[in-house]
Amino acid sequence: MNYIGIDLGTSSVKLLLTAPDGRVLTTASRSYPCSFPHPGWSEQDPDLWIEATWDALKELLADTDKSQIGGIATAGQMHGLVALDDQDRPIRPAILWNDGRTVKEVDYLNNVIGRKVLSARTANIAFAGFTAPKILWMRENEPENYARIRRIMLPKDYITYKLSGVFATDYSDASGTLLLDVEHKDWSDDMLALCGLDRSQVPALYESYQAVGTILPKVAEEFGLPAGVKIVAGCGDNAGAAIGTNTVKDGTMNLSLGTSGTLFIASDTFKVDPTNALHSFDHASGRYHLMGCMLSAASCNMWWYETVLKTKDYGKETQGLTQDRMGRGHVYFLPYLMGERSPLNDAAARACFIGMTMDTSRLDMAQAVLEGVSFALRDSLEVARSQGIKVTHSCLVGGGAKSQVWQQMLANILNLRLDLPAVPEGPGFGAAILAMVADGVYPTVDQAAQALFSLRGSVEPDPEVVKRYDEQYQKFRLLYPALKEVFPKLG
């Protein structure tokens with residue numbers, strides 16, 4: 001049998017058809033727009049996800065033996081609020097993970113309800129991207145829409161629902177709602193009550209590798225699939241990438257350079273960052289992980305090249321970024337285009353260039369963008385290191401990871417060996433692995449991830465460049481505190 005992994009991203013959905021030995025047989029993808037109706041807002045129509053996924057699925061299955069499809073699982077963008085009415089139709093566009101409108105609600109949760117209370121209930125504090133603040137925002141600002149809510153779900157679960165008819169989610173994705181008791185793997189009744197919800201309005205909870213049901217007859221008929229295809233709970237996109245890169249053993253790490261940038265550290269035991277700068281979530285393996293997430297990573301590149309410079313030739317723009325330039329730049333970039341999450345938790349933060357002079361070049365600016373994102377990732381890594389977590393190497397995935405210049409720069413700034421997976425489509429590949437486990441091809445996620453993971457290469461840090469970047473990083477760390485009080489005044 002073969003297995004389908006779906007990666008529901010912010011800008012596109014990517015599908016993989018995977019053999020049980022890990023070979024990717026074919027892929028398909030479709031893009032869709034993201035709406036920014038107000039500064040700091042980010043929304044999408046959930047039915048665009050369905051349209052794009054269905055279209056890509058038809059392409060994926062066009063030249064394959066459909067009778068050999070054993071299971072489908074989805075990994076997807078986390079935290080998005082999909083609110084459904086009594087006909088299971090979206091009430092409004094989904095409010096996405098990188099939406100920053102909930103400043104007031106986050107302040108209420110963290111400073112009135114209190115960080116200690118939230119951390120005791122959910123293992124996390126409130127961040128603007130989390131789901132619970134968005135529910136409170138709807139109650140305050142769209143009371144008519146809020147009153148119509150029959151169910152809430154997360155983005156990838158809307159795909160699962162349309163495939164199976166089952167209202168379900170998994171623990172890894174539910175961890176980012178601020179409604180889940182992460183340690184005990186159950187909805188927090190206190191947090192549900194705080195948001196005016198009850199258990200009938202939230203999905204049933206599953207481990208990521210469990211089947212929630214089988215494909216709906218009408219969907220099976222539409223795609224020519226057998227009736228018994230398992231629809232699997234799946235996971236949040238970062239947990240999916242971790243499974244796809246064999247980041248399941250205690251202390252292993254995965255870095256993702258996608259629209260957002262994430263640092264994911266697997267843990268055998270439940271842990272909470274005492275500063276709450278890193279998120280404490282359930283892992284798709286059945287265990288736990290710590291995660292730092294910056295809101296704008298590779299999207300900073302897209303903004304700089306496509307919006308500002310009006311070019312898509314990324315390689316040409318970085319041709320002159322040789323090793324001798326690294327750690328010697330004079331321009332700094334704060335990558336807070338959508339505010340920032342880990343470890344700052346500041347929706348008011350904004351992006352800016354600092355240090356430009358009359359001889360600053362286009363290449364200097366491009367270098368600063370890459371370095372700024374890398375320094376911001378190091379911020380989260382330093383939090384982990386301060387807690388005694390020792391990381392010597394990490395996998396690297398995501399669209400930004402395709403850049404050899406960025407690979408080397410990150411290795412130097414983080415002072416880590418970066419391993420490059422043979423299958424770079426981390427979340428989708430991880431989802432396909434979960435489908436295999438659900439169908440009994442492998443007994444556990446650990447065994448499946450280990451058996452199917454391989455590398456295409458590694459990038460080692462250069463000790464001399466590491467020293468130069470250490471000095472630059474200390475300067476970078478001065479910038480946000482100096483501007484923190486200015487950002488809210490900018491509006």
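Looking at heavy atoms from C-beta onward, Val373 lies in side-chain contact with Cys300 at the 4.5 angstrom threshold. Between Pro343 and Thr275 the shortest side-chain heavy-atom distance does not fall below 4.5 Å.
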Check step by step if ring-ring contact (aromatic ring centres under 6.0 Å, His included) holds for His283 and Tyr171. CA-CA 7 Å; His283 195 348; Tyr171 296 113; over 10 Å; no
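With respect to the salt-bridge test (charged N to carboxylate O, under 4.0 angstrom), the residues Arg30 and Glu59 qualify. Looking at Asp470 and Arg378, a side-chain N of the basic residue comes within less than 4.0 Å of a carboxylate O on the acidic one, giving a salt bridge. Between Asp282 and Arg287 there is no salt bridge, since none of the side-chain N atoms of the basic residue sits less than 4.0 Å from a carboxylate O of the acidic one. Of the charged side-chain nitrogens involved, none lies within less than 4.0 Å of a carboxylate oxygen, so that Glu382 and Arg477 do not count as a salt-bridged pair. Using a cutoff of 4.0 Å between basic side-chain nitrogens and carboxylate oxygens, Lys484 and Asp346 are not scored as salt-bridged. Between Asp364 and Arg325 there is a salt bridge, with a side-chain nitrogen of the basic residue lying less than 4.0 Å from a carboxylate oxygen of the acidic one.
Ring orientation note: the planes of Phe130 and Phe281 are tilted relative to one another, at an angle of 30° to 60°. A perpendicular orientation is assigned to the rings of Phe375 and Tyr469, their planes being inclined by more than 60° (bins at 30° and 60°). Between Phe333 and Phe353, the ring planes are tilted. Angles from 30° to 60° get that label.
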